[in-house]
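Single-structure report; data block below.
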2 protein chains.
Amino acid sequence: MPKMYRAGIDLGGTNIKAGIIDDDQNILAQASVPTRVERDYTEIIRDMAGLVQKLMEELSITSDELAGVGIGSPGLVDAANGGIRYSNNFNWNDIPLVEEMHNYFQCDIRVSNDANCAALGEVKAGAARDCDNAILLTLGTGVGGGIIIDGKIFEGGHAGGAELGHTVMIADGEQCTCGRRGCVEAYVSASALIRDAKRAAGENAESLMNELCKGDLNNMNGKIPFDAAWEGDQVALAVVKNYQRYLGEAIANYVNIFRPDVVLISGGVCNQGDQLTEPLEEYLAALCFGGEKGFVPPVRCASLGNNAGLIGAANLIII
Amino acid sequence: MPKMYRAGIDLGGTNIKAGIIDDDQNILAQASVPTRVERDYTEIIRDMAGLVQKLMEELSITSDELAGVGIGSPGLVDAANGGIRYSNNFNWNDIPLVEEMHNYFQCDIRVSNDANCAALGEVKAGAARDCDNAILLTLGTGVGGGIIIDGKIFEGGHAGGAELGHTVMIADGEQCTCGRRGCVEAYVSASALIRDAKRAAGENAESLMNELCKGDLNNMNGKIPFDAAWEGDQVALAVVKNYQRYLGEAIANYVNIFRPDVVLISGGVCNQGDQLTEPLEEYLAALCFGGEKGFVPPVRCASLGNNAGLIGAANLIII
């Protein structure tokens, strides 16, 4: 009997999510538990395994029917050796994740960076499922990058590759969390958008953004500048246009290197839909090397939401 | 009898160079003719073919013994379809290069961008011959980029990829030849170094660079700022340090994406040897994502000089 089931685990700073998929990419069952990152890594990994075992029982899947377990992890992942070199949020250093998981499962176990897994999920079952080559940018607290070449995750030659968010777009510019200044993450993350919106609102008392924040800029979020801009607030519109321009410059850089079939973005800003992506496509047409002589890919919003990482992680296992 | 000979053609704006290599990467014979770019493309291609035919006669190689002809071309190359989409220097638009060459040769014929070929040459026979994954930056009038993954050229998913020089490192910065502002090429090409040295010398009459230019800044070249800096000229030293910092930032970007085994640079600045590469390695150690937790590659100068493109082009043919 062919092993047709795969487990995917999305290891997050808040929750561990796990799911089991079939060979048509359907999630048959999923569950989650709080991560509680302060615990010892062996306890976190025990919970990851326990979630998968629970789902297998629920679906009456035997270990013979499970092709493997894929894990999407934050941090600097050494996919080739199945380890996590470093994770700031988890305070992890050189954690032998795959080896530890083998205490619970004898099947194939693989790990990759969470943004890589989200990209793979979207290519296998989401907004890029017609594509072999794709770039995904996850625009959240930070900026993750996933690169899919010929249907597979591109990890780079050694651990620490595919960090698209940590390429500088304005050398010596805004401080980035990685220690460097001017990274893409410092301009196009949700945190960067919120920082810029706070600055602009603070300097312009008349901006509608102040009202939407109920007079306290600590209430600023990534939606308010867009809401205010679409209401005609010029201060907010400048923030939004600036954000889109940064995003356009960053994506043009990746296109000039990878020329993917499609560029995907994910995160809360995707709620803006075409109002976000259409200007980005105009930037690409104007900025990409060779103009119309080169291939200029479309920009789409990711479609799997929170399930992208889980489905992508399961697809680390090739059946 | 195995076809063990391959021809490589390096198509340049000034000269067409061709050579024939054996399976140990030795150049058995080479020759060149002026390109005269103003001519019709069919005449240029006829000369390319004629050079190879002449070398084959010289070496008494029959068409049965020639495995193929590889061509390194400037411009936006469509390797998959064997065409040149666009070349500014040649005033070429959609030239069916491989098809036209098939009028002269029935063997395998392939084309790639000249910087890609130089990178492949260095991996097969030069400074990266112990490596499967490498990045090459050619620092000349412009900045070419070559990316080798698992021993093969990475072209990108569609035509126009691997343009490492056309990624912005300072959005809205210096004007680039590609129309965009702030590209890596606008900061680390020999032209950019000369521009910055001219500016600094023009603003600082006491700088030794003015004397080395014999009082006419039109005599500035890429060697003078280094010569003056090593003589203790503080103005020149600032130009050199700034140039190295830009190069360090650019290379750190590529490392954060590709994590290659090695980064190579080529061009006249390589005459500076360790004085150029050692500070670059210090920048990488400081700037690469994850610091020592990730793999930080060495930076080396390319070693094949003008033959890199020819050897790399021949290696487009797999034997």
Side-chain angles (χ1 to χ4, degrees), chain A residues 75-76 78 85-86 93-94 131-134 145 147-150 154-173 178-180 182-184 187 245-246 249-250 252-262 286-297, chain B residues 75-76 78 85-86 93-94 131-134 145 147-150 154-173 178-180 182-184 187 245-246 249-250 252-262 286-297:
Chain A
L76 203 156
D78 185 352
R85 286 276 182 93
Y86 174 69
N93 281 288
D94 295 316
C131 301
D132 285 328
N133 297 288
I147 302 163
I148 306 295
I149 299 176
D150 293 337
F154 175 70
E155 299 274 357
H158 297 266
E163 287 289 352
L164 298 177
H166 297 288
T167 53
V168 301
M169 59 184 288
I170 301 185
D172 281 334
C178 74
R180 215 172 158 190
C183 288
V184 166
Y187 291 92
R245 193 177 60 85
Y246 287 138
E249 291 277 4
N253 280 359
Y254 311 139
V255 169
N256 283 351
I257 297 175
F258 290 101
R259 296 283 171 177
D261 302 327
V262 64
L287 298 175
C288 288
F289 183 73
E292 61 188 14
K293 293 290 178 185
F295 175 80
V296 180
Chain B
L76 202 155
D78 185 352
R85 287 276 183 94
Y86 174 69
N93 281 288
D94 295 316
C131 301
D132 285 330
N133 297 290
I147 302 162
I148 305 296
I149 299 176
D150 293 335
F154 175 70
E155 298 275 356
H158 298 266
E163 287 290 352
L164 298 176
H166 296 289
T167 53
V168 301
M169 59 183 286
I170 301 186
D172 281 333
C178 75
R180 213 172 158 190
C183 288
V184 165
Y187 292 93
R245 193 177 60 85
Y246 287 138
E249 291 277 4
N253 280 358
Y254 311 139
V255 169
N256 284 351
I257 296 175
F258 290 100
R259 296 284 171 178
D261 303 326
V262 64
L287 297 174
C288 288
F289 183 74
E292 62 188 13
K293 293 290 178 185
F295 175 80
V296 180

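Here is the naming used below: chain letters follow the sequence lines, and residue numbers restart at 1 for every chain.
Most heavy-atom pairs under 4.5 Å with chain B: of the set A:G165, A:A252, A:P297, A:C178, this distinction falls to A:A252. Chain A forms more heavy-atom pairs under 4.5 Å with one residue of B:I170, B:L76, B:V168, B:I149 than with any other, namely B:V168. Ranked by heavy-atom pairs under 4.5 Å with chain A, the first of B:D132, B:N93, B:V184 is B:N93. Ranked by heavy-atom pairs shorter than 4.5 Å toward chain A, the options B:Y86, B:Y187, B:F154 are led by B:F154. The residue among B:T167, B:V255, B:D150 with the most heavy atom pairs within less than 4.5 Å of chain A is B:T167. Between chain A and the options B:K293, B:E155, B:R85, B:R245, heavy-atom pairs under 4.5 Å are most frequent for B:K293.
In this structure, the side chains of A:N133 and A:I148 stay at 4.5 Å or more apart for every pair of heavy atoms. In this structure, B:I257 and A:E163 have side chains that are not in contact, with every pair of non-hydrogen atoms separated by 4.5 Å or more.
For the pair A:D261 (side chain) and A:C131 (backbone), a donor-acceptor distance under 3.5 Å is absent.
At a 4.5 Å heavy-atom cutoff, the contact between A:L287 and chain B is made by backbone and side-chain atoms alike. Only the side chain of A:R180 comes within contact range of chain B, judged by heavy atoms closer than 4.5 Å.
Defined by atom type and a distance below 3.5 Å, a donor-acceptor pair is missing between the side-chain atoms of A:D78 and A:H158.
Nearest heavy atom pair, residue B:A159 against residue A:R259, reads O-CD, 3.4 Å.
The line from CG of B:N253 to SG of B:C288 is 9.0 Å long, rounded to the nearest 0.5 Å.
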